[in-house]
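To keep things clear, I will list the structure first and then write my remarks on it.
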Amino acid sequence: VLAFDLYGTLVDPIAIADQLERVLDRADSAAVARAWRARQIDYTFRLTIMDRYRDFGWVTARSLDDALASLGLQLTAEARADLVAGYDQLPPFADVAPALTALRAAAPVLIVLSNGSPEMIDRCLRNAGLRAHFAAVVSADDVRAFKPAAAVYQHAAAEMGVETGAIRLVSSNPFDVIGAGTAGMKTAWCNRTGAAFDTIADPPELTVTDLGELSRVLTR
Ligand code: LAC
């Protein structure tokens with residue numbers, strides 16, 4: 001089983017900057033896009049640690065408010081609502097669809113394992129034209145905790161009826177790669193930007209520059 005992270009791995013959360021540019025200037029849009037994503041991830045960590053779960057839609061809306069405030073910016077309630085809705089229309093990275101097609105032909109079961117709520121994941125995959133590639137979609141919402149909590153990865157394995165070691169988690173997010181590895185999954189880090197890996201753990205056994213390379217390596 002190949003399990004794909006969604007945000008940052010299949011679709012590009014920073015592309016929300018294009019929608020931000022309808023209401024903010026270019027520099028502010030880029031800064032808000034980055035701050036929004038960073039705060040969103042931070043909130044998922046903190047809510048999970050405190051056992052105060054709120055779903056990813058709530059987290060996404062609240063972290064936008066925080067990103068705007070941190071930069072001294074304000075939006076109308078309507079613009080805010082449009083942006084949160086826009087989060088369901090993030091574009092897929094160009095390498096994703098061809099790679100998923102190639103990987104599917106090579107026979108592994110492809111699934112999505114995301115912190116997104118089931119509704120958000122479904123809208124995102126459908127809008128990106130990716131839903132048909134996946135045999136199953138597993139949401140962290142089922143266990144009311146976010147990745148990288150081990151319970152999320154264990155839940156995905158249980159849903160698929162396999163051990164965690166029978167799943168390879170593919171993610172561009174180092175925290176996700178490390179969390180999956182800690183829970184016993186095989187991993188692959190999709191490093192499109194040439195970033196350094198987190199120093200909290202050893203680098204993953206498999207690193208690729210995009211999903212095209214992943215499909216070439218795994219179908220070789
Ligand atoms: C997800 C976030 C972590 O899709 O990118 O789960």
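Numbering of ligands and ligand atoms starts at 1, following listing order. Hydrogens, waters and symmetry mates play no part in the numbers below; they use all other heavy atoms, side chains included.
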Ligand 1: which protein N/O atoms lie under 3.5 Å from its N/O atoms?
from	atom 1	to	atom 2	distance (Å)
ligand 1	4 (O)	Asp5	OD1	2.8
ligand 1	4 (O)	Leu6	N	3.3
ligand 1	4 (O)	Tyr7	N	3.0
ligand 1	4 (O)	Ser114	OG	2.8
ligand 1	5 (O)	Asp5	OD1	3.0
ligand 1	5 (O)	Asp5	OD2	3.4
ligand 1	5 (O)	Tyr7	O	2.8
ligand 1	5 (O)	Arg37	NH2	3.1
ligand 1	5 (O)	Asn173	ND2	3.3
ligand 1	6 (O)	Asp5	OD1	3.0
ligand 1	6 (O)	Ser114	OG	3.3
ligand 1	6 (O)	Asn115	N	2.6
ligand 1	6 (O)	Lys147	NZ	3.1

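- The hydrophobic cluster containing Leu110 does not contain Met185, counting ILVMFWY residues as joined when their side-chain heavy atoms lie under 4.5 angstrom apart, directly or transitively.
- Exactly one residue among Thr48, Thr44, Asp42 makes a side chain to side chain donor-acceptor pair (under 3.5 Å) with Arg46. That residue is Asp42.
- Pairs of residues two or more places apart, or lying in two chains, that qualify as ring-ring contact (aromatic ring centres under 6.0 Å, His included) and include a residue from residues 196-220 are Trp189-Phe197.
- Formation of a donor-acceptor pair under 3.5 Å by the Asp141 side chain with backbone atoms of Arg144 is not found in this model.
- Put simply, OG on Ser171 and CG on Asn191 are 11.0 Å apart, with the number rounded to the nearest 0.5 Å.
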Next item on the list: Show your working on ring pair (Phe, Tyr, Trp, His ring centres under 6.0 Å) between Tyr43 and Phe146 and close with a plain yes or no.
Entry: CA-CA 10 Å; Tyr43 280 16; Phe146 291 111; over 10 Å; no
